[in-house]
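Here the structure is laid out as structure tokens; the discussion comes afterwards.
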Amino acid sequence: MPTRRQAYETRVKRRSAVIAGGSTLGVLAAIVLLVPLAPGWPGVKKSFFNAEVFAKTFPGLLDAFVWDVAIFLWSAPLIFLLGLLIALARDARSPALYPLRLFGMFYTDIFRGVPVILVIYLIGFGIPGLGLPRPWNSPFIWGTVALVLTYSAYVAEVFRTGIESVHQSQRAAAASLGLVNKDVMRYVILPQAIRKVVPANMNLFIALQKDVALLSFIGPVEIFRQAGVYKSLLANFTPYVGAALIFLAITIPATRYADYLLAKQLRERT
Amino acid sequence: MAFLETRRLTKSFGKNTVCNSIDLRVDKGELVCLIGASGSGKSTLLKCLNLLEPIDDGEIFLDGEDISIPGLDPQPVRKRIGIVFQSYNLFPHMTAAENVMLAPRRLHKRSRDDLLPQVTELFSRFGLKDQMQHYPEQLSGGQQQRVAIVRALAMRPEIMLFDEITSALDPELVGEVLDVLRQLRSKGMTMILATHEMGFARELADKVCFLDGGVILEEGPPETVFTQPTEVRTREFLARVL
């Protein structure tokens with residue numbers, strides 16, 4: 001026999017579920033029924049949601065997406081490493097290392113202050129323009145460099161927040177044992193800081209996976225560029241929709257996972 | 001000269017003078033208890049002794065050697081002086097055993113395998129053998145505090161400082177931590193203890209110092225300080241806490 005309180009809560013829960021389900025269905029029905037009434041709908045349907053074109057181009061898009069994943073996979077560790085080094089440079093306390101600290105500050109200011117696409121253009125066209133021999137003029141190399149430079153500035157800031165969020169008493173406890181500053185950072189502060197900022201960094205790396213598509217502007221035929229090729233070939237925009245779906249298949253689970261980690265951390269903290 | 005001695009030790013935070021010309025003398029093997037209200041300067045004094053806080057004026061001598069020279073590298077001194085804090089401050093990402101082994105590994109360049117017998121022995125001595133592989137969050141407050149003591153002892157310090165180490169504990173866990181102190185006392189460890197545990201101070205201290213407003217207002221053997229305090233402030237304080 002449920003208590004009065006339990007019966008009440010069951011009632012409230014059932015009511016909320018009915019209302020939420022009903023309103024969601026209503027909105028969906030409105031979209032499905034109303035959008036096709038728009039005057040341009042038949043045209044949009046043909047050029048964006050064309051099943052035939054979709055089936056024909058999807059395998060090619062998947063093949064091209066392998067490049068996006070590859071560029072992501074070799075950029076991510078470099079970004080992690082450079083981001084960490086910049087964060088440490090900004091935390092340097094000895095006066096001899098002041099130039100390093102200054103450099104770290106300018107670095108993060110500059111690369112967080114310029115749009116990614118501009119960095120990609122300037123580096124991707126500018127450096128090969130020096131007349132470098134093959135393979136050193138490859139857009140893959142300089143595109144990667146542009147992504148690494150930009151994203152490590154963001155990752156550095158995330159790491160720095162993490163370092164600062166480790167409580168001062170941890171530094172004191174480590175120092176009181178006689179550990180030198182370098183060891184305090186390496187064994188006590190950093191391991192805690194890196195764990196704390198995993199969710200924040202995951203969000204940045206999800207953004208990186210999407211921004212890899214920007215490299216298409218300097219040459220590599222990855223998924224966005226491939227979709228553009230199909231568009232010109234077939235005079236149809238459906239490949240772009242296919243490309244978007246492929247990105248979502250990767251980014252939605254990753255975003256959900258990052259949210260889950262963040263929620264877990266919040267729970268642990270309280 | 002005493003084993004640890006301060007002369008006119010003065011420390012301010014801004015305009016607030018927390019330690020005002022303190023002369024403290026601790027002989028080898030002695031247990032000295034610092035008592036006094038919160039904010040009387042006990043904790044700050046201990047942090048100054050460990051060089052975690054630079055002092056503004058005065059001197060600190062350890063075994064006859066001035067350790068308060070401005071600009072002196074604090075690391076070698078801290079190896080000789082262990083400190084345990086009220087809030088345990090264990091490293092949360094390491095097991096109890098790793099917490100204890102970190103400093104000896106880095107400073108004495110010894111391997112885990114090399115340290116293990118000695119560390120296991122320390123854990124057993126304080127009834128913590130089964131907790132060696134636990135992370136701090138899996139331990140009770142009393143266990144965490146005992147691990148923190150073991151961590152400081154693993155560096156084989158010549159003197160131990162305890163900063164209100166039972167104040168954050170549930171009352172039923174205080175006893176197990178005080179037992180550790182009794183054990184250290186019987187082994188002849190030199191100790192300075194900032195504490196609110198008056199019973200413990202009375203039972204075991206060689207000397208009790210009453211701090212008030214950043215000065216040692218009264219000091220002496222526990223019986224004298226607790227039963228025949230000469231200062232009004234001491235009497236008021238004892239009336240409040242006893």
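These figures come from a predicted structure and were not determined experimentally.
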Specify the closest pair of heavy atoms between B:Gln75 and A:Gly178, including all atoms of both residues, with the distance to one decimal.
-> CG-O, 3.1 Å

Verify the neighbour count for atom CZ of B:Phe13: are there more than 12 heavy atoms of other residues, nucleotides or ligands below 6.0 Å?
-> yes

Is B:Lys129 atom NZ crowded by more than 12 heavy atoms from other residues, nucleotides or ligands, each under 6.0 Å away?
-> no

Considering all heavy atoms, the nearest A:Leu177-B:Leu107 contact | O-CD1, 3.5 Å

Smallest heavy-atom separation, A:Tyr187 atom then B:Arg105 atom, equals CE2-NH2, 4.3 Å

Minimum-distance pair of heavy atoms, taken over all atoms of A:Ala172 and B:Leu52 = O-CD2, 3.8 Å

More than 12 heavy atoms of other groups within 6.0 Å of A:Trp136 CH2 = no

Per-residue contact mode, B:Phe91 against chain A (heavy atom under 4.5 angstrom) = both

Interatomic distance, CD@A:Gln170 vs OG@B:Ser87, rounded to 0.5 Å, equals 9.0 Å

Side chain, backbone, both or neither of B:Arg151 within contact of chain A (heavy atoms, under 4.5 Å) | both

Nearest non-hydrogen partners of B:Arg106 and A:Asp183, listed with the distance = NE-OD2, 3.1 Å

Does CZ in B:Arg182 sit with more than 12 non-hydrogen atoms of other residues, nucleotides or ligands closer than 6.0 Å?
-> yes

Counting only heavy atoms not in B:Glu137, do more than 12 fall under 6.0 Å of its CD?
-> no

Given the options B:Pro92, B:Ala154, B:Pro104, which has more heavy-atom pairs under 4.5 Å with chain A than any of the others?
-> B:Pro92

Ranked by heavy-atom pairs below 4.5 Å to chain B, first place among A:Ala173, A:Ser176, A:Pro191, A:Ser169 goes to A:Ser176

Select, from B:Asn50, B:Val84, B:Asp73, B:Leu161, the one with the greatest count of heavy-atom pairs under 4.5 Å involving chain A.
-> B:Asn50

Can you pull out the residues in residues 75-83 of chain A with any heavy atom less than 4.5 Å from chain B?
-> none

Option that, when pairs with chain A are counted at under 4.5 Å, heavy atom only, ranks first among B:Val77, B:Leu51, B:Leu90, B:Ile81 | B:Leu90

Atom CZ of B:Arg112 with >12 non-hydrogen neighbours under 6.0 angstrom = no

Pair count under 4.5 Å, heavy atoms only, with chain A: among B:Lys79, B:Arg80, B:His93, highest is B:His93

Do other residues, nucleotides or ligands put more than 12 heavy atoms under 6.0 Å from the NE2 atom of B:His108?
-> yes

